[in-house]
Amino acid sequence: MDNMFPKTADVVIIGGGVMGASTAYHLALRGQKNILLLEKDEFFGQEATGRCAGGVRYQFSTEINVRLSLKSLPMLERFKEETGQEINFRRCGYLFVLTQPEDVKTFQHSLALQQGLGVKTEWLSPDEIHRRLPLMRFEDALAGSYNPQDGLVDPNSVVMGYIGAAQRLGVQCLTNVEVTGIQVAAGRIAAVDTNQGRISTRQVVNAAGPWAGLIGQMAGVAIPIVPLRRQIMTTTPLPEVPQDFPFVLDFAQSLYFHREGEGILTGMSNSNEKAGFDQTVDNAFEMVNLEAAIARMPCLEKASMLSHWAGLYEVTPDAHPIYGIAPVDGFYIVAGFSGHGFMHGPISGKLMTECILDGKFLSLDVSVLDLARFSEGRQIREYNVV
Ligand SMILES: Cc1cc2nc3c(=O)[nH]c(=O)nc-3n(C[C@H](O)[C@H](O)[C@H](O)COP(=O)(O)OP(=O)(O)OC[C@H]3O[C@@H](n4cnc5c(N)ncnc54)[C@H](O)[C@@H]3O)c2cc1C
């Protein structure tokens with residue numbers, strides 16, 4: 001490894017999750033040479049991306065997030081055509097069930113925003129929710145927001161599809177390489193230090209997901225991204241759950257359900273979770289999730305737990321990602337997707353490519369999502385965070 005380990009690169013991408021993989025592929029597609037993607041783990045896509053629920057949706061409350069979905073989801077639809085990799089896109093729809101009057105009001109605004117941008121989200125009455133979800137108990141439902149184009153995609157396939165396609169275009173993608181430091185000289189990137197040695201480079205892309213803040217510190221750049229544990233469990237088969245069961249969200253409880261294999265996947269966000277890198281399952285909170293899930297979906301009592309895991313959200317103060325160049329020349333950031341970034345991976349890699357090669361975002365103007373917005377008080381809040 002010592003002799004083979006690259007000493008220089010034109011672009012070093014830190015992180016082999018969906019953001020790093022998509023950026024590597026899109027950069028190489030545009031003809032960028034000498035790209036190096038570094039992943040600290042033994043395999044690509046094992047952190048936030050590999051632990052995510054795989055949901056993809058158009059239903060957001062801010063225009064920029066809806067527009068990101070309008071660009072990104074069609075890229076997932078064309079993914080196999082483009083990369084040769086099957087990603088199992090299931091258009092099961094997302095059904096947000098609303099039980100609080102203030103949520104109804106906000107979702108009505110979001111519905112108008114989405115429909116104005118051409119997204120075909122539908123408004124459901126309580127009766128319609130009961131009709132569509134006969135296995136669930138939602139007596140307190142006030143309304144629902146449903147989009148049949150939302151759905152599920154296999155995260156690992158997306159990462160491996162991009163990594164494979166990037167490698168075929170000449171990108172060197174290395175695992176077991178941990179970035180330990182970043183050298184800055186005269187205000188610009190000079191080198192990246194790793195557990196395998198130093199790599200001279202003038203351009204670094206920080207695609208380190210929940211670790212993006214630590215990578216920022218290495219370059220002397222404060223990036224307000226905190227890791228927050230979230231967990232999921234799946235059940236053994238439940239034959240009564242229909243094939244077309246939607247991705248159901250009990251929005252007020254941050255509790256969700258979707259079909260996974262022959263059973264159900266459920267997750268719930270712990271509002272008391274403290275920032276940190278712990279990825280062990282919190283058994284006490286798992287019981288809270290399970291009880292809330294059974295209260296909504298009593299047939300879960302008949303199933304056993306098949307698997308469970310925890311992962312990290314990469315959370316910014318306004319629940320929107322950070323795109324673009326940092327105060328250090330040659331240091332780029334694509335991170336901080338706050339729990340809904342998997343679905344925006346495809347367009348994000350393309351946008352970062354435009355930022356690096358063209359000096360501006362061409363596919364969609366995401367300049368409002370720059371790092372400076374936090375110090376300049378330009379945050380925009382996303383309401384549909386699960
Ligand atoms: C439980 C859970 C459910 C979720 N559900 C959804 C969902 O349904 N839909 C959706 O769109 N999003 C969802 N998300 C969010 C989504 O997973 C993330 O927004 C997205 O995967 C972020 O991708 P990333 O590439 O930025 O991060 P990651 O996938 O974490 O990739 C970053 C990579 O950088 C590597 N790295 C870090 N530090 C270093 C270093 N020093 N040197 C080398 N490599 C390093 C890490 O090992 C990691 O592989 C969920 C997340 C979780 C945790």
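Start at 1 and go down the list; that is how both ligands and their atoms are numbered.
- Listed by chain and number, residues touching ligand 1 at under 4.0 Å (heavy atoms only) are I14, G15, G16, G17, V18, M19, L38, E39, K40, D41, E47, A48, T49, R51, C52, A53, G54, G55, V177, E178, V179, A207, A208, G209, P210, W211, I215, R230, I232, G311, L312, Y313, E314, F337, G339, H340, G341, F342, M343.
- Contacts classified as side chain to side chain donor-acceptor pair (under 3.5 Å) and involving residues 162-172 (residues at least two apart or in different chains) are not found.
- Smallest separation of non-hydrogen atoms from N65 and E382: ND2-OE1, 2.9 Å.
- Of the charged side-chain nitrogens involved, none lies within less than 4.0 Å of a carboxylate oxygen, so that E81 and R78 do not count as a salt-bridged pair.
- Under a cutoff of 6.0 Å and an axis angle of 45°, R259 and F245 do not form a cation-pi pair.
- With sequence neighbours left out, K302 forms a salt bridge (Lys or Arg N to Asp or Glu O under 4.0 Å) with E240.
- Listed by first then second residue, pairs satisfying side chain to side chain donor-acceptor pair (under 3.5 Å) with a partner in residues 201-214 number zero, not counting sequence neighbours.
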